[in-house]
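Here is the structure we will look at, set down as C-alpha cells.
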Amino acid sequence: MIMKLYNTMTRRKEEFVPLVPGEVKMYSCGPTVYNYFHIGNARPFIIFDILRNYLEYKGYKVTFVQNFTDVDDKIIKRAKEEGITEKEVADKYIEEYFKDAEGLGIRRADYHPRVTELISDIINVVKKIQDNGFAYEVDGDVYFDTTKYREYGKLSKQNLEELEAGARVEVGEHKKHPMDFALWKKQKPGEPAWESPWGMGRPGWHIECSAMSMKYLGETIDIHSGGQDLIFPHHENEIAQSEAATGKPFARYWMHNGFININNEKMSKSLGNFFTVRDISKMYDLEVVRLFMISSHYRSPINFSKDLLDSTKNSLERLYIAKNNLLHLLENAKDRDETEEEKALREKLMTHKDKFIEAMDDDLNTADAVSAIFDLVRDINSNINENSPKTLIQFAYDLYMELAGVLRIVTKKEESLDDEIEKLIEERQKARKEKNWALADKIRDDLKSRGIILEDTPQGVKWRRA
RNA sequence: GGCGACAUAGCCAAGUGGUAAGGCAGAGGACUGCAAAUCCUUUAUUCCCCGGUUCAAAUCCGGGUGUCGCCUCCA
C-alpha cells in the first residue's frame, strides 16, 4: 500500500511517491552542538528515525542526512565561557549527542555533516545564488534578496508585506529589506572565520542545510523534516536559497513535528522547566522516553511530565513481560504439529500486523501502531501457553518482534543473574516443595527488596527486574 | 495585525460522516499455598459550548469559549 504523509507545503496528506522509484532521500535538521540536547530536540530525532525505519521496512533504500551545526553564536559563547576552542565544544557535544541518541534507540544517519567540514561547498552555493542575482554583498556580509525571490513565504503561507509588519530589524544591519537574511557573515573580532570571495567570515545559519542537502542527496530531495518552529524562517529560507541556486524544487515533502510543552507551557530555561535527555536518563531508561514520544501523533503538541513517563514505564513493562513470557515458553516448548485451531490463530495474529501497517501508512500514526502491538500482545497472552507447539510460539514471537522492531521498542535482552541470587531461588524452590511457605515467602520478599521479582509459572520460576 | 495548532473517561491518547481503539490508574472475578504475571468483567448514551447541513456528526459548515505556538535564536 502507498504511504500517506502530511506535507506542510500543501497542508494536506499526500501519497508518498519518491522521485526515484524505490529510493528515498531525506534530510532532517540536526542539533547545534553547544550543550546536551533536550527533550524537545529528542522528538524529531525519534520521529524521523522511525520514519526512516519504516520506509526501509517497506522496502525503500533510504539515504538519510542529519547535520551538526558546529559554528554559531551559542557555540562561540560557550567556548569563551569555558576557555576552550569552538571545535572542542562541538566535538564534546557531538559525542554526547550520540550517547543520548543511542539510548533513545536512534540510529546514526548515513551522513552527519558538520558545517566546518563543508565551508567550500557552502561558499559555492552562496556564489551561485549571487551569480543568479538573488544575493547582494554589503561590506563583507552577503544577504539573500527576498524581494527577488517571488515565491518567498510559500511554505509558511506568509507574504513579504505581512512579514515585514512583524519584523525586527537589528541596528547596524545593512539589509535592503527587513526579511533579507545573511548567507555569509563578515568576521567579528575573536570569531572563527574562513576565507571567501567576500573576505574572512562564516556561513549564515540557514545556508548549511541547503549546501549539505545538495551535496549528499542532490538538488531535489524527497523529504525534509524538522520541528514546527523551523517552518519560519529556517525552512522558508532554505527553500529560497536552494531554489535560487539551482532553479529546481528543493524538497518534495515537508514534515514538521509538534512541540513538547511542560505543563502546557513552552519549555524554556527562564521558566525553569528545561529537561535535557541526559537528566532524564538518570531517572528512566530512555526507551521509556521513546515509547512516550510515539504514543501520540507526531504533529500533535504533547505535554511532558514525570507522571506521564511513569505511566509509560508501566506500559513498556507490559510489553517486556509478554516478550519474556514467549522466550520462557520457547525454552520448554513441545515439538508437535499445529491443530487447525492453532493455524487459525496465526491468521488472527496477522490481522494486528495489517492494522499496524495501515496505521503507519497513514501519516506515521505511531499511536495507532502501538495500539496494534498491544492488541497483538493481548491475543498472544490469551492464546499461547505452555501447551502451545514450538512453531506457533516462534511465529508469535517473530511477529511481535518484527512490529516492535520497526518502532525499535522492546529491544533489550534479558540479563543474567548472579550466582548468589540463583542460589536463593533454588533454595526457595526447595522450600516450596516442602511447603515451607514462610521461608519461601521470606526469600521472595528479600529478593523483591533487591529489585528481583519472582513469578511461579507452570513451567517453573521466572524472574524479572523491578 | 498575519500564519497555525489543540480541546475525547481519573490521567495519557487514537478515531475525522455510520453509531466511542489502545495504554496507565481504580474496582470486582478467575488462576495461585499466598503472590506476581495473565485473562475476563467493569469505568465516556457521549467526544469544550451554541447553532446549521445530513437518514446519520466526536467527525462537515458557521459562530463562540479556553489553551498553546510561530512571525526574534529555538525542535
Side-chain angles (χ1 to χ4, degrees), chain A residues 8 11 28-32 37-48 72-74 153 155-159 161-170 178-179 205 225-234 236 256-261 263-269 291-292 295-297 299-305 307-319 321-322 324-325 328 355 359 362 365-385 432 435-438 440-441 444-445 448 453-458 461-464 466:
Chain A
T8 307
R11 309 276 161 118
S28 203
C29 292
T32 300
F37 67 89
H38 58 69
I39 189 74
N41 297 309
R43 193 175 191 191
F45 299 158
I46 291 168
I47 292 299
F48 299 116
D72 136 293
D73 290 347
K74 294 190 286 280
L155 182 67
S156 56
K157 310 296 173 209
Q158 311 244 31
N159 62 51
E161 293 75 51
E162 284 156 358
L163 286 166
E164 190 171 354
R168 187 182 71 184
V169 187
E170 301 218 0
M179 297 322 294
W205 173 42
S225 57
Q228 262 165 11
D229 59 320
L230 294 182
I231 294 172
F232 191 90
H234 185 56
E236 197 71 73
H256 295 95
N257 60 278
F259 262 58
I260 289 183
N261 293 320
N263 298 323
N264 285 317
E265 276 180 320
K266 183 176 172 172
M267 176 167 56
S268 74
K269 281 182 178 164
L291 180 58
F292 169 74
S295 294
S296 54
H297 190 86
R299 281 189 285 120
S300 305
I302 52 175
N303 247 317
F304 177 82
S305 72
D307 284 350
L308 294 174
L309 281 191
D310 285 335
S311 169
T312 306
K313 186 184 171 193
N314 290 340
S315 301
L316 188 60
E317 179 85 3
R318 177 175 166 81
L319 296 178
I321 288 170
N324 291 331
N325 279 344
H328 193 244
K355 182 187 165 190
D362 184 15
N365 191 337
T366 52
D368 250 2
V370 168
S371 86
I373 290 180
F374 275 102
D375 287 340
L376 172 67
V377 163
R378 166 170 285 136
D379 267 346
I380 288 173
N381 286 338
S382 316
N383 294 295
I384 292 185
N385 55 45
R432 289 185 71 224
K435 297 198 189 296
N436 185 351
W437 308 126
D441 290 354
R444 189 171 61 194
D445 289 346
K448 192 178 177 188
I453 293 171
L454 295 186
E455 299 174 12
D456 300 320
T457 76
V461 67
K462 270 184 82 232
W463 65 273
R464 64 188 162 91

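Residue numbers start from 1 in every chain, and the chains themselves are labelled A, B, ... in the order their sequence lines are given, proteins ahead of strands.
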Counting only Watson-Crick pairs (N1-N3 plus N6-O4 or O6-N4) and G-U wobbles (N1-O2, O6-N3), all under 3.5 Å, who is the partner of [N]?
{"N": "B:G17", "result": "none"}
{"N": "B:A27", "result": "B:U41"}
{"N": "B:C70", "result": "B:G2"}
{"N": "B:C47", "result": "none"}
{"N": "B:U65", "result": "B:A7"}
{"N": "B:U59", "result": "none"}
{"N": "B:U53", "result": "none"}

Contact class for [X] (heavy atom, under 4.0 Å): base, sugar-phosphate, or nothing?
{"X": "A:His38", "result": "base"}
{"X": "A:Thr312", "result": "nothing"}
{"X": "A:Gly40", "result": "base"}
{"X": "A:Asp72", "result": "nothing"}
{"X": "A:Leu454", "result": "base"}
{"X": "A:Ile260", "result": "base"}
{"X": "A:Asp368", "result": "base"}
{"X": "A:Lys435", "result": "nothing"}

Rounded [atom1] spacing from [N] to [M] in Å:
{"N": "B:A13", "M": "B:G51", "atom1": "P", "value": "29 Å"}
{"N": "B:G66", "M": "B:C48", "atom1": "C1'", "value": "8 Å"}
{"N": "B:U45", "M": "B:U38", "atom1": "C1'", "value": "32 Å"}
{"N": "B:A27", "M": "B:A37", "atom1": "P", "value": "13 Å"}
{"N": "B:C60", "M": "B:A5", "atom1": "P", "value": "12 Å"}
{"N": "B:U59", "M": "B:G23", "atom1": "C1'", "value": "23 Å"}
{"N": "B:C49", "M": "B:A9", "atom1": "P", "value": "11 Å"}
{"N": "B:A21", "M": "B:G15", "atom1": "P", "value": "14 Å"}

Notebook entry, point to check: Is there a donor in the side chain of A:His328 and an acceptor in the side chain of A:Asn325, or the other way round, less than 3.5 Å apart?
Noted result: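 No, A:Asn325 and A:His328 have no side-chain donor paired with an acceptor closer than 3.5 Å.
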On RNA chain B, does the nearest nucleotide to A:Ser382 precede the nearest nucleotide to A:His234 from the 5' side, or the other way round? Give the residue.
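Looking at the nearest nucleotide for each, A:Ser382 comes out on the 5' side.
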**OP:** Identify, between A:Cys29 and A:Ile453, the residue whose nearest nucleotide on RNA chain B lies closer to the 5' end.
**Re:**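 Checking each residue's closest nucleotide, the 5'-ward one belongs to A:Ile453.
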Using atom [atom1] of [X] as one end and atom [atom2] of [N] as the other, report the distance to the nearest whole Å.
{"X": "A:Ile231", "N": "B:C70", "atom1": "CD1", "atom2": "C1'", "answer": "8 Å"}
{"X": "A:Asn324", "N": "B:U38", "atom1": "CG", "atom2": "P", "answer": "12 Å"}
{"X": "A:Leu316", "N": "B:G23", "atom1": "CG", "atom2": "P", "answer": "14 Å"}
{"X": "A:Leu309", "N": "B:G23", "atom1": "CG", "atom2": "C1'", "answer": "14 Å"}
{"X": "A:Asp310", "N": "B:C11", "atom1": "CG", "atom2": "P", "answer": "17 Å"}
{"X": "A:Ile302", "N": "B:A7", "atom1": "CD1", "atom2": "P", "answer": "14 Å"}
{"X": "A:Phe45", "N": "B:A75", "atom1": "CZ", "atom2": "C1'", "answer": "7 Å"}
{"X": "A:His256", "N": "B:C70", "atom1": "NE2", "atom2": "C1'", "answer": "12 Å"}

Establish, with yes or no, whether the OP1 or OP2 oxygen of [N] is under 4.0 angstrom from a side-chain nitrogen or oxygen of [X].
{"X": "A:Asn365", "N": "B:G15", "answer": "yes"}
{"X": "A:Ser300", "N": "B:A14", "answer": "yes"}
{"X": "A:Arg11", "N": "B:C3", "answer": "no"}
{"X": "A:Arg299", "N": "B:G4", "answer": "no"}
{"X": "A:Asn381", "N": "B:U38", "answer": "no"}
{"X": "A:Asn314", "N": "B:A25", "answer": "yes"}

Checking only heavy atoms, does the side chain of [X] share a donor-acceptor pair with the base of [N] at less than 3.5 Å?
{"X": "A:Asn159", "N": "B:C3", "value": "no"}
{"X": "A:Arg444", "N": "B:A35", "value": "yes"}
{"X": "A:Arg318", "N": "B:C24", "value": "no"}
{"X": "A:Asp441", "N": "B:G33", "value": "yes"}

Evaluate the side-chain proximity of [Y] to [X]: yes if any heavy-atom separation is below 4.5 Å, no if none is.
{"X": "A:Ile39", "Y": "A:Met267", "result": "yes"}
{"X": "A:Arg444", "Y": "A:Asp456", "result": "yes"}
{"X": "A:Asn41", "Y": "A:Pro31", "result": "no"}
{"X": "A:Gln228", "Y": "A:Ile231", "result": "yes"}

Over all heavy atoms of both residues, which pair between A:Phe232 and A:Met179 is shortest? Give the atoms and the distance, please.
->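 Closest pair (atom of A:Phe232, atom of A:Met179, distance): CZ-CE, 3.4 Å.
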Is there a donor-acceptor pair under 3.5 Å between the side chain of [X] and the backbone N or O of [Y]?
{"X": "A:Glu236", "Y": "A:Leu155", "value": "yes"}
{"X": "A:Ser311", "Y": "A:Asp307", "value": "no"}
{"X": "A:Asn365", "Y": "A:Asp368", "value": "yes"}

With the criterion set at under 5.5 Å between ring centres and under 30 degrees between planes, would B:A75 be stacked on A:Phe259?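 Base of B:A75: stacked against A:Phe259.
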key: B:G23 pyrimidine/purine six-ring stacking with A:Phe374, under 5.5 Å and 30°   =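 Taking the rule of under 5.5 Å and under 30°, the ring of A:Phe374 does not stack on B:G23.
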